[in-house]
Amino acid sequence: MRYAHIIGYTTVIYQEDGNCIISVGYDGDFRIWHGIGDDDPPTVCVGEHVWTALQYSDRVLIATDLNTVQAYKYPSLDKDGIEFRFTAYVTCLTKNKRYMAAGSEDATIKVLSLDNGEQFELENLGGPVLSIDMSKRDLLAASVGDGKIHVWDIKTRELQHTVRGLPVVKSFEAVLHFATPSFEPSKGNLLAYPNGKEVIVLNTISWEVVKRYVHPNPSTKLTVCGFSPLGDFVAAGSVAGDVCIWDCETGKPVEGVKQYEANPITKLVWNPKNNGELAISDANGQVGTVTDIFIESSEEDLDGADIVEMAEKEEEESEDAYDHIFDKRKDGDNKDYGPVQKTGGPYSDGESGEDDDDDRGTVRSYREPRSYPQQPPFQPGSTPHMLEHCYLVYNHVGIVRRHATAQENSIEVEFHDSQAHHGIHLNNFLNHTMAGLSESVLAMACPNADGNPSKIVCINQAAFGKREWTYTMPGCEEIIAVTASDKIVVVATDSRLLRVFTARGTQREVISVAGPIVALAAYGDHFLVAYHSAPANEDQHISLMIVTCVNFKLRCREVRVPLSAGSELRWLGYSDRGSPVVYDSDGRLNIYHATLNLWFPIYDSVNLSAKEASDSLFIIKVSESTQHVQLVVCRGSRYPLTTPKPVPVEVKFSLPMCDRDSGKEMLEDELVRSLYLKANDADKLMKETAVKLFALACTNECEQRAKELVETIASSQLIPLVIKYASKIRRYHLADSLAPLLPSFQEQEMQEEKMEQESVRENAAIANELQHINLEAITKKDTTPKIKPLPVGTKKPNNPFRKSTAAGSSDGGISSPASSTGQNGANGSSNPLEHLTGKAIGFSAARTSSPSVAAGRLTSNGGQDENRPQNSAAAGTTTPASGMKFLPWFELNREELQRQHPEAAEADLIKIGMREFKSHQSKGQPSTSSTAESGTPKRKLEENDQPETGVSKLAKFGFVKHG
């Protein structure tokens, strides 16, 4: 085998005369090989992907991703018209002298008559068409994804026979068992097809089983088969890369050398020259040949010739690497080694001796394991950016389209709610290929291209001033995924790093990921990271990091993603209630319950009646509150069309319950969803559904099941309802048995509530401790004076700018604003700007009164003014402000608590302080360790004092003209 195309589905055919081999692959290349060892085959790129080809006469038909069968002149490859058009890509082609047929992913086969050009369709086949073949007797056999092989008579268009019991597949891209049918080419009276580990041959007249060719290795399943040009041999390929050939007359397998690759065979064709050669291709992009199949040798010279020769890409290195394996098979100076037989191998007949057993064990130890490609990174809600018109993101907020044509290169943003934001049209001069969209943030990213580094550009719709910010990735780091929410923007790079930014453009954390990143999603302060936690085998091993970033505090939980067998991750996101949701290629939608740490399947694509076998679902939004999924049904393709704009549909959550057709199972579905999903009015829905199930159990004479239902739900609010219903239908015994459950349920709910409160307190205490790690910074007193203006109308309106008299004068003059004297205290009036002390406005301390003078004035005044802040306290105590936290209060009163409890340890002292702090808070008293109060209590309003009205307050500012 040798690599011919990139990893992916590859197919191979022979030129009509058998002189060349033609291969097409997932990379869209069409290659002509003049021998499997050709190092420079002519190559032409004919599309994004190529699925199959057919060469006859001077034409070649090629099926590309454009859902058409394009005809070309051969070998010049000039276009020569379109033969077939489908709604999905074409998977297989075949022809005989009178008809030509093509099968498609959209479960349709189209047949064209070469005589009169008439075309007809075979529709609604139940699945994608995997492989087709046509006989000389104008019989058409097709292997379909619903696990059947259908055989039609093309002339009458009637179904002749159906073979059942084959593997079922939903998509051609995920198929391993093609179940390729093959007609005997000389007469067309036999039909062979692989099923499990054997090839079954049917008579096309009686449809009875004629022969069975069993694979020598019972653990290997066959996937493709084909008759030789004369019908004397039949060959089959397996999912493990084995090629087995039988003699049709004797039924014995042909012996030969086993290849060392373990990739599933996708196509097997015989050379039309009937020269004992066939070509094969696999799902890893490789092409190879099997030669000299018809050579016969005697037992004497069995060691002198190879029966099967597999061409390797680097033949000399491969021979040197395995020379020591065959050392035991040397015979004198003879350098030729015979075929190596392996027990259970595809060419073994089980008659080898003990020496051969030793050799076989050695060969088996050098068998290479099969490699499985890991899923590449993708953007949820996007389509391939290689297309001219594609979706960079399509979600519940809006649509971001990219148009990359010869005329324009632009990005168009359309919001679903046009009242919140208007549409945006941008020139894509940086060639952005990824985007994330939220209600207020548009994030776009571009990879490394043409020597330009990878960049992230964000536009904040809710910002004022400059709304756009950008960052360039350092070095050769390239962005592979991006997501955005209203608060954060997250970028994933090929260096397995996560770069977190705020919505306004501040760089936050840089996080390393333990595997190749697959996809991102964001919701508020949370984001999801899907990555490969292990190498892929038949399944993709993907884990999910659920990260919460509040302020600069991070918390992460890691869970495994529940993918269906053999499927890939297709969509990743959040529900409208913030629950992680994943969707795989098998059509299953799962939601994560964070409290229970469990995944729940909430929808399966098979439940959508309007979906055909070749259709795919494109997820837009998951609404957990209304229990609905908003999606687009893609007809015959994996992605929606950009023009015209697709119309989304809404489907209801549906758990995979048993016997969904009955009313009981539907109620059980609603009950489970109301208990575990965050639906609107979940408690009300739970009660109604539980009562209906209780009534149904009573109607069916299943009182024990009814009681079991109530005990399982264990809700005290449900007990009165079911007791009332049981009494109403006169099932008093059931009602009496339910009555004792009420107090136990109430007590259980009280205990759960207490445990929840304790958990909340513990979490709050931990958060409080984290917030006050630096105790010195917390307890440090702020010495900056606070300027607090006095309320209007509380003082006598005096002119603050009148020249003040000397400090010892008796005329009661007003002091300057900077002075702190209190001479007007005896008159009941004071300076309204006296709180602006000299220290507060920048004067030196020499300009203010001395502390002794100030103290004497305070004493003569009889206390501080009620409108000024009271900062004095009793000796040895402090009065904390309202809303003070525990730790600052504890640091202020630590010495007092240690004096009162000298023998208490540090932990006990904190507990004692917490009790005293809470006792003061509950009594509404100041939280200090001393009962002394500071300052003078505020004077109450006397009965004869009338409060000032608004008019009287405004009158103070009026000018009165005195005559």
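Keep in mind it's a predicted model, so treat the numbers as computed, not measured. Atom set for the values below is all heavy atoms of this structure, side chains included, hydrogens, waters and symmetry mates excluded.
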More than 12 non-hydrogen atoms from neighbouring residues, nucleotides or ligands closer than 6.0 Å to CZ on Arg85, yes or no?
no

Just checking Lys273: does its NZ atom have more than 12 heavy atoms from other residues, nucleotides or ligands closer to it than 6.0 angstrom?
yes

[X] versus [Y], closest heavy-atom pair with distance:
| X | Y | value |
| --- | --- | --- |
| Val69 | Ala102 | CG2-CB, 4.4 Å |
| Val269 | Lys267 | CG1-CE, 3.9 Å |
| Asn195 | Gly165 | OD1-O, 3.9 Å |
| Ala107 | Gly126 | CB-N, 4.3 Å |
| Glu105 | Pro128 | OE1-CB, 3.3 Å |
| Tyr213 | Val201 | CE1-CG2, 3.6 Å |

With a 4.5 Å heavy-atom cut-off, do [X] and [Y] have their side chains touching?
| X | Y | result |
| --- | --- | --- |
| Phe227 | Cys248 | yes |
| Val50 | Ile62 | yes |
| Phe120 | Arg157 | yes |
| Leu54 | Thr94 | no |
| Trp207 | Leu191 | yes |
| Glu173 | Arg638 | yes |
| Gln119 | Phe84 | yes |
| Tyr89 | His49 | no |

Polar side chain donor-acceptor pair, [X] to [Y], under 3.5 angstrom:
| X | Y | answer |
| --- | --- | --- |
| Trp51 | Thr11 | no |
| Tyr372 | Asp539 | no |
| Asp78 | Ser76 | yes |

Check against side-chain hydrogen bond (donor to acceptor under 3.5 Å, both in side chains), Asp106 and Ser104
CA-CA 5 Å; Asp106 62 0; Ser104 173; 2.9 Å; yes

Do Asp247 and Lys252 pass the salt bridge (Lys or Arg N to Asp or Glu O under 4.0 Å) test, and can you show the C-alpha distance, the side-chain angles, and the key distance before you say yes or no?
CA-CA 6 Å; Asp247 189 325; Lys252 293 183 178 181; over 6 Å; no

State whether the side chain of [X] and the backbone N or O of [Y] hold a donor-acceptor pair below 3.5 Å, judged by distance alone.
| X | Y | answer |
| --- | --- | --- |
| Ser228 | Phe233 | yes |
| Ser182 | Ala192 | no |
| Ser637 | Ala88 | no |
| Gln540 | Gln375 | yes |
| Thr162 | His150 | no |

Under 3.5 Å, sequence neighbours excluded: what are the donor-acceptor pairs made by side chains of residues 24-32?
| from | atom 1 | to | atom 2 | distance (Å) |
| --- | --- | --- | --- | --- |
| Asp27 | OD1 | His5 | ND1 | 3.0 |
| Asp27 | OD1 | Asp29 | N | 3.2 |
| Asp27 | OD2 | His5 | ND1 | 3.4 |
| Asp29 | OD2 | Arg31 | NH2 | 3.4 |
| Arg31 | NE | Thr43 | OG1 | 3.3 |
| Arg31 | NH1 | Ala4 | O | 2.4 |

Assess the residue pair Val60 and Leu77 against the criterion (side chain to side chain contact (heavy atoms under 4.5 Å, CB included)); give the C-alpha distance rounded to whole Å, side-chain angles, the decisive distance to 0.1 Å, and a yes or no.
CA-CA 8 Å; Val60 61; Leu77 292 185; 3.8 Å; yes

Please report, to 0.1 Å, the donor-acceptor pairs under 3.5 Å made by any side chain of residues 140-148, with sequence neighbours excluded.
| from | atom 1 | to | atom 2 | distance (Å) |
| --- | --- | --- | --- | --- |
| Ser143 | OG | Phe178 | O | 2.9 |
| Ser143 | OG | Ala179 | O | 3.4 |
| Asp146 | OD1 | Lys148 | N | 3.4 |

Once side-chain hydrogen bond (donor to acceptor under 3.5 Å, both in side chains) is applied, what residue pairs with a partner in residues 62-73 remain, sequence neighbours excluded?
none

Could you go through Asn19 and Tyr14, starting from their C-alpha distance and side-chain angles, then the distance that decides it, and tell me whether this counts as side-chain hydrogen bond (donor to acceptor under 3.5 Å, both in side chains)?
CA-CA 8 Å; Asn19 292 329; Tyr14 271 100; over 6 Å; no

Glu48: which residues meet the salt bridge (charged side-chain N to carboxylate O under 4.0 Å, His left out) condition with it, sequence neighbours left out?
none

For Glu123, enumerate each residue passing the salt bridge (charged side-chain N to carboxylate O under 4.0 Å, His left out) test, keeping only those at least two apart in sequence or located in another chain.
none

Identify every side-chain donor-acceptor pair in residues 130-137 under 3.5 Å, counting partners at least two apart or on other chains, and give the distances.
| from | atom 1 | to | atom 2 | distance (Å) |
| --- | --- | --- | --- | --- |
| Asp133 | OD2 | Phe183 | N | 2.8 |
| Ser135 | OG | Arg137 | N | 3.3 |
| Ser135 | OG | Leu139 | N | 3.2 |
| Lys136 | NZ | Ser186 | O | 3.3 |
| Arg137 | NH1 | Thr204 | OG1 | 2.9 |

Which residue is it: Val243, Val239, Val199, Leu268? I am looking for the one with a side-chain contact (heavy atoms from CB on, under 4.5 Å) to Val224.
Leu268

Show your reasoning for whether side chain to side chain contact (heavy atoms under 4.5 Å, CB included) applies to Lys95 and Tyr56.
CA-CA 9 Å; Lys95 72 175 290 292; Tyr56 66 96; 3.8 Å; yes

Step-by-step side chain to side chain contact (heavy atoms under 4.5 Å, CB included) determination, Thr180 to Thr223:
CA-CA 7 Å; Thr180 304; Thr223 176; 5.7 Å; no

In Gln15, Glu16, Arg59, Gln55, the residue satisfying side-chain hydrogen bond (donor to acceptor under 3.5 Å, both in side chains) with Tyr74 is Gln15

Lys/Arg-Asp/Glu bridge criterion (N-O < 4.0 Å) met for Asp138, Lys155
yes

Should Val290 and Trp270 be marked as a side chain to side chain contact (heavy atoms under 4.5 Å, CB included) after you check the CA-CA gap, both sets of side-chain angles, and the distance that decides it?
CA-CA 9 Å; Val290 180; Trp270 289 83; over 6 Å; no

